[in-house]
Amino acid sequence: MTSKSADPIEDPAPHRGIVGLPKEYPAGFHLPPHMHERAQLIYAIGGVMEVATAEGLWLLPPQRAVWMPAGITHEMRARGNVSLRTLYIVGEVCPFPLPTKPQRIRVSPLLRELILRVVQMPEDEMPDAHARRVLDLILYEITWEADGVLYLPMPRDKRLAAICRALIDEPGDVRSLKEWAEFSGASSRTLARLFKREFGSNFLLWRNQVRALSALPRLAAGEAVGIVAADLGYDTPGAFATMFRQIMGEKPSRYFHKNAEI
């Protein structure tokens with residue numbers, strides 16, 4: 001990720017410590033690398049948003065958000081139509097230390113309603129007493145989470161990075177590690193060693209994680225499991241469902257239903 005186009009975006013409502021903005025993005029929309037003077041809480045109330053830095057990328061289905069500290073270059077892609085609700089936060093307004101690296105957030109029902117309330121607050125008005133209570137509470141309602149399966153680290157090795165980017169763009173690619181070796185100019189043995197060193201896992205496990213994450217926005221949009229499975233290179237829906245459950249901890253038909261209950 002380059003810094004060439006990573007100019008800071010104008011600070012919204014500079015007179016307020018916390019401000020929320022709604023955004024609607026069509027499927028496939030790409031917001032190129034940029035940074036902000038404020039920290040962000042990036043949350044999609046509908047659809048699945050991909051948020052990426054030089055270190056890796058997060059996929060954000062509903063009930064999950066990501067914290068993006070100020071000054072960190074990042075880019076975003078809409079996986080399907082996305083309704084985004086973003087909070088821009090000045091660190092000085094928080095009574096406790098905030099993460100200095102991107103971190104995932106679990107969005108509870110209360111936090112979701114607080115975010116929606118902040119987004120509705122007029123940007124050009126100072127908050128009244130009730131609004132200030134909402135703004136104060138929202139910081140205490142944040143629950144930090146380990147990145148887990150919804151985070152996909154990106155490698156430092158350029159040969160491996162080319163393979164990983166290609167698989168993210170085409171997760172149904174069925175090429176073996178030996179075939180990827182011809183693509184990258186490195187031997188399959190070298191690639192296997194690089195996967196182990198960079199990710200602590202093998203090629204197949206990393207590819208399965210890419211496929212499971214790629215399936216999320218399509219499943220969220222209501223696509224049939226069989227169609228998604230075929231597009232991702234699986235001979236049967238059952239084989240795909242087995243992989244998905246191993247990675248995500250729940251079968252495809254239950255994943256969004258279960259997480260909507262949180």
Side-chain angles (χ1 to χ4, degrees), residues 6-27 29-51 53 58-145 150 220 259-262:
D7 300 320
I9 289 180
E10 185 177 353
D11 186 9
H15 58 286
R16 282 174 44 186
I18 301 176
V19 63
L21 295 179
K23 298 284 185 179
E24 301 294 326
Y25 295 118
F29 179 87
H30 175 222
L31 188 62
H34 63 283
M35 65 177 71
H36 297 275
E37 296 179 359
R38 297 183 181 217
Q40 288 177 274
L41 189 158
I42 304 169
Y43 172 53
I45 62 171
V48 177
M49 178 64 79
E50 174 191 310
V51 181
T53 69
W58 291 259
L59 216 57
L60 303 177
Q63 282 70 56
R64 295 295 185 275
V66 71
W67 174 264
M68 187 61 61
I72 292 185
T73 301
H74 59 285
E75 59 184 299
M76 300 193 294
R77 287 182 174 86
R79 300 282 194 96
N81 296 324
V82 173
S83 295
L84 201 69
R85 302 295 181 265
T86 301
L87 300 185
Y88 296 87
I89 302 173
V90 175
E92 288 75 10
V93 305
C94 188
F96 48 82
L98 293 168
T100 57
K101 294 182 178 181
Q103 189 166 345
R104 197 161 60 112
I105 295 171
R106 178 183 292 275
V107 180
S108 67
L110 176 56
L111 180 57
R112 181 183 188 277
E113 293 306 314
L114 292 171
I115 292 171
L116 297 181
R117 181 68 63 86
V118 173
V119 167
Q120 294 172 359
M121 294 179 182
E123 292 181 46
D124 56 351
E125 295 180 9
M126 292 298 293
D128 58 20
H130 178 73
R132 288 196 299 271
R133 295 189 188 97
V134 171
L135 294 170
D136 288 341
L137 178 59
I138 203 166
L139 296 171
Y140 287 99
E141 185 59 20
I142 292 175
T143 300
W144 309 105
E145 286 190 325
L150 296 177
N259 282 280
E261 296 171 349
I262 297 175

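Without hydrogens or angle criteria, Trp144 side chain to Gln103 main chain gives no donor-acceptor distance under 3.5 Å. Using modelled atom types, no side-chain atom of Asn81 and backbone atom of Pro26 make a donor-acceptor pair closer than 3.5 Å. With hydrogens and angles disregarded, a donor-acceptor distance shorter than 3.5 Å links the side chain of Arg38 to the backbone of Gly17.
Atom CG of Leu41 and atom CD1 of Ile142 lie 5.0 Å apart (nearest 0.5 Å). The OH atom of Tyr88 lies 14.0 Å from the CD1 atom of Ile18; values are rounded to the nearest 0.5 Å. Trp58 contributes atom CH2, which lies 10.5 Å from atom NE2 of His74 (distance to the nearest 0.5 angstrom). The distance from the CG atom of Leu111 to the CD atom of Glu141 is 6.0 Å, given to the nearest 0.5 Å. Taking CE of Met76 as the reference point, atom CZ of Phe29 lies at 8.0 Å (rounded to 0.5 Å). In this structure, CD on Glu75 lies 12.5 Å from CE on Met35, to the nearest 0.5 angstrom.
When all heavy atoms of Met49 and Ala78 are compared, the closest pair comes out as SD-N, 3.9 Å. The two residues Val48 and Val82 have their closest heavy-atom pair at O-CG2, 3.4 Å. In this structure, Arg64 and Val107 approach most closely via the heavy-atom pair C-CG2, 3.9 Å. Here the shortest heavy-atom pairing between Gly20 and Leu87 reads CA-CD2, 3.7 Å. Looking at every heavy atom in both residues, Pro102 comes nearest to Thr53 through CG-CG2, 4.2 Å. Ala44 and Gly47 get closest at one heavy-atom pair: CB-O, 4.0 Å.
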Worked verdict on Leu150 versus Leu60 for side-chain contact (heavy atoms from CB on, under 4.5 Å): CA-CA 7 Å; Leu150 296 177; Leu60 303 177; over 6 Å; no
Test Ile45 against Arg112 for side-chain contact (heavy atoms from CB on, under 4.5 Å), laying out the working first. CA-CA 8 Å; Ile45 62 171; Arg112 181 183 188 277; 4.1 Å; yes
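When Ile89, Thr100, Ile42 are each tested for a side-chain contact (heavy atoms from CB on, under 4.5 Å) with Trp67, only one passes: Ile89.
Between Arg85 and Leu116, some side-chain heavy-atom pair lies under the 4.5 Å cut-off.
Between His34 and His36, the ring planes lie perpendicular to each other; the angle is over 60°, past the 30° to 60° tilted range.
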